[in-house]
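Have a look at the structure below, then the notes.
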Amino acid sequence: MKPSALHPGERIVLEPQGLDALIDLLARSGYRVIGPRVRDGCVVYDEVASTQDLPSGWTDEQTPDSYRLKKRRDQAYFGYSVGSHSWKQFLHPPHLTIFRARRNGSGLQILPPAAETPKYAFLGVRPCDLAAISYQDRVLLEGKHPDATYAARRKNCFIVAVNCSDSGGNCFCASMGVGPRAAAPFDLALTEVVGKTRHFFVCEIGSGAGAEAASHLPSEPATDEHVGAEEAVLSRAAAQMGKALTTEGLKESLQASYESAHWEAVAERCLTCGNCTSVCPTCFCTTVEDYTDLTGESAERRRRWDSCFTLDFSYIFGGSVRTSAAARYRQWLMHKLANWEDQFGTPGCVGCGRCITWCPVGIDIAKEAETIRAGASPGKEQARGNP
């Protein structure tokens with residue numbers, strides 16, 4: 001049975017074939033449908049054509065500096081937490097040509113880059129990543145100088161969120177107030193329920209575009225029983241949350257701990273590799289580089305992601321402002337959990353845990369923040385590794 005009219009805030013129920021119908025509908029509407037896939041031993045985000053491409057039957061195990069995929073006992077499509085990819089790479093691309101120039105007689109001709117504004121549909125956006133997109137909106141859209149590339153890509157984006165059914169070992173999104181239920185703006189939000197006799201999705205409609213799409217799908221109205229099953233899934237995910245971070249008073253504690261000895265303790269382990277900033281869904285820093293060919297006839301200006309862990313990031317005339325690992329780690333954590341709030345009204349962390357998982361030495365942002373709050377530095381043996 002298909003509802004005759006749907007509105008934001010309503011819930012319907014989709015069978016797995018309804019998810020296939022949604023993917024097909026979005027593709028026929030001109031969207032590039034991006035969703036989770038298993039590749040190279042990890043869940044990544046790439047183009048999907050049907051539910052056959054989704055990581056059905058897979059989950060992940062995450063601990064500090066460790067990520068492993070393993071098979072599930074069921075065929076859940078979204079039974080994992082997050083991989084190293086985030087949706088940032090599609091909206092705020094890691095490499096971008098700003099302009100090209102070539103010699104034209106005695107002068108230069110400036111050539112704008114080829115226009116490329118993909119129309120994306122994101123399928124499987126976790127609540128933490130959904131919040132991260134809203135944070136990047138604040139940074140890249142709402143200031144005095146909006147980022148034109150981000151604005152163009154974000155404008156036509158259709159978002160299908162997926163509420164968390166299984167929390168990862170490094171997740172603490174509940175502490176950051178962004179999960180396990182999707183709260184930031186979305187078009188549709190799915191909660192996957194894998195029961196003994198039935199596998200279905202409770203679908204919440206979040207926008208007019210979502211209502212229009214859902215009206216074309218094979219569905220049935222959600223009953224109290226369906227909603228109860230959804231709540232049970234979300235309660236289980238919240239109870240499984242691998243970590244917690246107390247945020248009340250955290251900003252003030254961190255900003256009062258600029259001279260804490262613990263920054264040096266962290267620096268004994270930190271490789272300043274920038275992995276944490278690369279996988280972070282909210283980091284937005286970039287640098288600009290100029291390239292010329294060997295003949296000097298043409299040149300390009302390119303923008304690429306940058307990291308506050310590099311020496312060049314804080315370079316000014318005379319050298320880098322932050323020459324030590326301690327100073328660079330302090331800059332990153334302080335901005336993420338304290339100064340970001342002064343700038344944009346929220347912390348810059350969504351509790352996805354990626355920076356913990358993909359840190360080569362397993363530095364745990366939640367533990368480090370709590371240690372700084374406590375005003376104590378652990379002993380040397382504890383400082384060299386996470387228990």
Side-chain angles (χ1 to χ4, degrees), residues 1-29 31 33-36 45 48-56 74-82 87 120-131 133-134 157-167 173 178-195 197-238:
M1 180 174 63
K2 184 174 72 174
S4 57
L6 296 171
H7 305 280
E10 293 187 57
R11 282 177 169 79
I12 58 173
V13 173
L14 302 175
E15 301 285 348
Q17 59 265 32
L19 185 58
D20 260 318
L22 175 60
I23 295 172
D24 182 65
L25 174 66
L26 292 171
R28 286 188 289 107
S29 300
Y31 289 100
V33 184
I34 308 295
Y45 298 134
V48 297
S50 73
T51 55
Q52 294 295 314
D53 295 326
L54 301 179
S56 176
D74 57 39
Q75 294 302 306
Y77 292 106
F78 301 100
Y80 59 91
S81 52
V82 292
W87 307 94
Y120 286 123
F122 294 158
L123 172 65
V125 181
R126 294 296 189 191
C128 59
D129 281 345
L130 189 62
I133 292 173
S134 72
C157 192
F158 188 99
I159 293 180
V160 182
V162 172
N163 293 320
C164 296
S165 57
D166 295 86
S167 299
C173 68
V178 301
R181 180 190 289 279
F186 53 81
D187 295 294
L188 298 173
L190 307 177
T191 302
E192 186 171 22
V193 180
V194 184
T197 60
R198 190 181 179 192
H199 184 177
F200 63 92
F201 299 90
V202 178
C203 176
E204 180 183 356
I205 298 167
S207 71
E212 172 62 23
S215 68
H216 296 284
L217 304 178
S219 64
E220 62 182 272
T223 65
D224 290 343
E225 183 179 356
H226 295 131
V227 175
E230 176 188 37
E231 293 297 336
V233 167
L234 294 172
S235 295
R236 184 181 71 231

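Bear in mind the structure is a predicted one, so any value in this text is a computation, not a measurement.
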With sequence neighbours left out, the residues meeting salt bridge (Lys or Arg N to Asp or Glu O under 4.0 Å) with E230 are R11, R181

For L123 and Y77, run side-chain contact (heavy atoms from CB on, under 4.5 Å): C-alpha distance rounded to whole Å, both residues' side-chain angles, the deciding distance at 0.1 Å, then the answer.
CA-CA 11 Å; L123 172 65; Y77 292 106; over 6 Å; no

Decide yes or no on side-chain contact (heavy atoms from CB on, under 4.5 Å) for L19 and L14, but give the supporting numbers first.
CA-CA 7 Å; L19 185 58; L14 302 175; 5.7 Å; no

Between L188 and F158, is the side-chain contact (heavy atoms from CB on, under 4.5 Å) condition met? List the steps.
CA-CA 9 Å; L188 298 173; F158 188 99; 4.2 Å; yes

Cation-pi geometry met for R126 and F78 (6.0 Å, 45°)
no

Quick one: does S81's side chain have a donor or acceptor within less than 3.5 Å of a partner on S167's backbone?
no

Is there a side-chain contact (heavy atoms from CB on, under 4.5 Å) between F186 and V125 once you walk through the steps?
CA-CA 9 Å; F186 53 81; V125 181; over 6 Å; no

Min side-chain heavy-atom separation C128-V82 under 4.5 Å:
yes

Exam field: side chain D187 to backbone I159, donor-acceptor pair closer than 3.5 Å
yes

Charged N to carboxylate O below 4.0 Å: is that the case for E225 and R198?
no

Results of ring-ring contact (aromatic ring centres under 6.0 Å, His included) for Y120 - residues two or more places apart only
F90, F122

Taking A213's backbone N and O only, do any of them form a donor-acceptor pair with H216's side chain (distance below 3.5 Å, no angle check)?
no

Tell me whether S165 contacts the main-chain N or O of V233 through its side chain, where contact means a donor paired with an acceptor under 3.5 Å.
no

Nearest heavy-atom pair of A222 and V227: which atoms, and what distance?
CB-CG2, 4.5 Å

If you take all heavy atoms of A229 and V193, which pair is closest and at what distance?
CB-CG1, 4.1 Å

May I ask you to test the C164-P127 pair for a side-chain heavy-atom distance under 4.5 Å?
yes

